[in-house]
Protein chains: 2
Amino acid sequence: MNLAIGELSRRTEVKVPTIRYYEQIGLLPAAPRSEGGQRRYGPDEVKRLNFIRHARELGFEIDDIRHLLDLTARPQDSCHEADSIARRHLADIERRIAELTALRNELSRMVSECGHGRICECRIVEVIADHGQCRHGH
Amino acid sequence: MNLAIGELSRRTEVKVPTIRYYEQIGLLPAAPRSEGGQRRYGPDEVKRLNFIRHARELGFEIDDIRHLLDLTARPQDSCHEADSIARRHLADIERRIAELTALRNELSRMVSECGHGRICECRIVEVIADHGQCRHGH
DNA sequence: CCTTGAACCTCTAGTCACTAGAGATCGTAG
DNA sequence: CTACGATCTCTAGTGACTAGAGGTTCAAGG
């Protein structure tokens with residue numbers, strides 16, 4: 001197994017420029033090169049890049065992933081840190097869900113109150129303009 | 001009323017550099033200047049900037065806000081466009097909530113399955129590494 | 001009138017995680 | 001040996017700001 005970057009890309013579903021970007025920021029090690037200077041990859045890189053992609057899909061930030069990858073290099077250590085990274089991330093997502101849910105409720109009320117008339121009497125525009133005064137006071 | 005930028009900032013709770021940034025991208029008109037070259041603002045700018053802030057709090061993008069502001073300049077027009085901007089935004093937020101909720105469920109299951117042992121047997125690390133194969137197949 | 005110091009000015013660069021494009025070189029099938 | 005797709009490096013752009021350097025203006029107190 002001695003894969004070119006395009007083949008690695010196909011197997012991991014990570015785009016070629018993204019792979020190069022990950023190398024540039026040190027998330028992937030600098031790949032060995034062919035005689036002509038093209039990157040060549042082995043099975044470890046496939047695994048590592050798959051890990052990165054899955055973690056990104058789960059919404060982890062690059063720095064968290066860096067940390068998680070460091071941890072997997074020390075498999076006998078306690079998984080306490082991995083656990084706390086994941087818990088922190090979970091709390092962050094829950095906070096974002098709460099924020100977005102509040103927004104959704106507000107927007108959905110606005111949209112339902114719109115009488116489809118003219119701008120000057122539109123509840124949507126009105127609510128945005130008066131937001132701070134009328135209902136919330138934040 | 002002839003406000004300096006700091007006073008405008010205080011009244012609208014928009015930071016000074018952000019106000020300058022909004023001017024730079026054309027979201028706020030170029031403010032008239034004092035003799036020494038400092039920006040001075042009147043009541044219209046307070047209103048406009050409040051509108052911008054409220055719209056940002058509701059998660060609208062700058063381009064949408066630009067559009068909404070254009071609409072408020074033509075108050076006799078139909079509010080059809082405002083309505084569709086708001087609906088599109090609402091749909092977008094609902095999609096993001098759905099995505100985040102799916103993430104939350106997955107993360108929360110991962111975290112609850114972690115036995116607080118060693119990395120090599122940690123469900124969190126394992127799930128990230130095997131994500132594609134084990135349960136989803138996407 | 002003069003000084004002080006907070007507030008203001010412009011300009012550049014950094015954030016995050018990529019993405020796009022230009023222009024050149026490599027690898028391989030026919 | 002030639003074509004041509006894949007690869008290379010490098011720079012710049014995205015969105016919506018934020019941070020900092022280095023200089024100027026304004027208003028109040030002495």
Side-chain angles (χ1 to χ4, degrees), chain A residues 1-28 30-41 45 48-49 51-69 85 88-89 92-93 96 99 103, chain B residues 1-28 30-41 45 48-49 51-69 85 88-89 92-93 96 99 103:
Chain A
M1 189 145 75
N2 206 17
L3 311 174
I5 199 168
E7 185 57 30
L8 178 64
S9 169
R10 236 161 284 127
R11 295 196 190 195
T12 57
E13 295 176 81
V14 175
K15 288 176 195 157
V16 169
T18 305
I19 297 173
R20 287 197 277 251
Y21 169 71
Y22 286 161
E23 177 180 313
Q24 192 194 318
I25 63 171
L27 201 57
L28 287 176
R33 303 294 181 118
S34 73
E35 286 197 7
Q38 299 191 352
R39 291 171 182 82
R40 293 295 180 255
Y41 297 94
E45 281 70 49
R48 191 177 176 91
L49 191 49
F51 186 95
I52 294 169
R53 178 171 68 89
H54 301 326
R56 286 296 295 137
E57 283 172 1
L58 288 166
F60 286 97
E61 293 175 9
I62 297 285
D63 271 354
D64 283 340
I65 297 174
R66 218 185 281 274
H67 208 142
L68 287 170
L69 283 166
I85 290 171
R88 189 160 36 74
H89 182 47
D92 191 52
I93 284 175
R96 278 150 65 194
E99 283 172 12
L103 278 191
Chain B
M1 190 146 73
N2 205 16
L3 311 174
I5 198 168
E7 186 56 30
L8 178 63
S9 169
R10 236 160 284 129
R11 295 196 189 195
T12 57
E13 293 176 84
V14 175
K15 289 179 195 154
V16 169
T18 304
I19 297 174
R20 287 197 277 248
Y21 168 72
Y22 286 161
E23 178 180 313
Q24 193 193 317
I25 63 171
L27 201 56
L28 287 175
R33 304 293 181 117
S34 73
E35 287 198 5
Q38 300 191 352
R39 291 170 180 82
R40 293 293 179 256
Y41 297 94
E45 281 70 47
R48 191 177 176 92
L49 191 50
F51 186 95
I52 294 169
R53 179 172 69 89
H54 301 326
R56 287 295 296 137
E57 283 172 1
L58 287 166
F60 287 98
E61 293 173 8
I62 297 285
D63 272 354
D64 283 339
I65 297 173
R66 219 186 279 275
H67 207 143
L68 288 170
L69 283 166
I85 290 171
R88 189 160 36 73
H89 182 47
D92 192 52
I93 284 176
R96 278 151 64 194
E99 283 172 12
L103 278 192

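Note that the structure is a prediction, hence the values are computed from the model and not measured. Chain A is the first sequence line, chain B the second, and so forth, proteins listed ahead of strands; every chain is numbered from 1. Heavy atoms only: backbone and side chains are in, while hydrogens, waters and symmetry mates are out.
- The side chain of A:K15 places no N or O atom within less than 4.0 Å of a non-bridging phosphate oxygen (OP1 or OP2) of C:dC18.
- Residue-level contact check: B:R39 touches the backbone only, with heavy atoms under 4.0 Å from sugar-phosphate atoms and none from bases.
- With sequence neighbours left out, A:Y21 forms a ring-ring contact (aromatic ring centres under 6.0 Å, His included) with no residue at all.
- Here the C1' atom of nucleotide C:dC26 and the CG atom of A:N2 are 15 Å apart, to the nearest Å.
- At whole-Å resolution of the value, CD in A:E23 and P in C:dA17 are 18 Å apart.
- Considering only heavy atoms from C-beta on, B:T12 stays 4.5 Å or farther from B:E45 through its side chain.
- Using a 4.0 Å heavy-atom cutoff across all strands shown, B:R33 reaches sugar-phosphate atoms only and no base atom.
- As a whole-Å value, the separation of B:I5 CD1 from C:dC9 C1' is 10 Å.
- By the 4.5 Å heavy-atom criterion applied to side chains, B:L28 and B:R20 are not counted as neighbours.
- Among residues two or more places apart in sequence or in another chain, the side-chain contact (heavy atoms from CB on, under 4.5 Å) test is passed with B:T18 by B:V14, B:K15, B:Y22.
- For the pair A:E35 CD and C:dT28 C1', the computed distance is 15 Å after rounding to whole Å.
- Considering only side-chain N and O atoms, A:Y22 lies nowhere under 4.0 angstrom from the phosphate OP1 or OP2 of C:dA17.
- At whole-Å resolution of the value, CZ in A:F60 and P in C:dA17 are 13 Å apart.
- Heavy-atom distances to DNA chain C give each of A:G36 and A:E61 a nearest nucleotide, and the one nearer the 5′ end belongs to A:E61.
- Heavy-atom neighbours of A:E61 CD from other residues, nucleotides or ligands within 6.0 Å: at or below the threshold of 12.
- When the side-chain nitrogen and oxygen atoms of A:T18 are compared with OP1 and OP2 of C:dA17, none of them lie within a distance under 4.0 Å.
- Between the side chain of B:H89 and the backbone N or O of B:D64, no donor-acceptor pair lies under 3.5 Å.
- Taking for each of B:I62 and A:G6 the nucleotide of DNA chain D with the nearest heavy atom, the 5'-most of the two is the partner of A:G6.
- Between A:Q38 and A:Q24, the one whose closest nucleotide on DNA chain D sits nearer the 5' end is A:Q38.
- At C:dG27, one or more side-chain N or O atoms of A:S34 fall inside 4.0 Å of OP1 or OP2 (strictly under the cut-off).
- Taking the 5' to 3' direction, DNA chain D first and last meets chain A under 4.0 angstrom from a heavy atom at D:dT7 to D:dT9.
- The interatomic distance linking A:I19 (CD1) with C:dA17 (C1') rounds to 15 Å, in whole Å.
- For C:dC9, one of the phosphate oxygens OP1 or OP2 lies less than 4.0 angstrom from a side-chain nitrogen or oxygen of B:R20.
- Side-chain contact check for B:R33 versus B:R40: every heavy-atom pair is 4.5 Å or farther apart.
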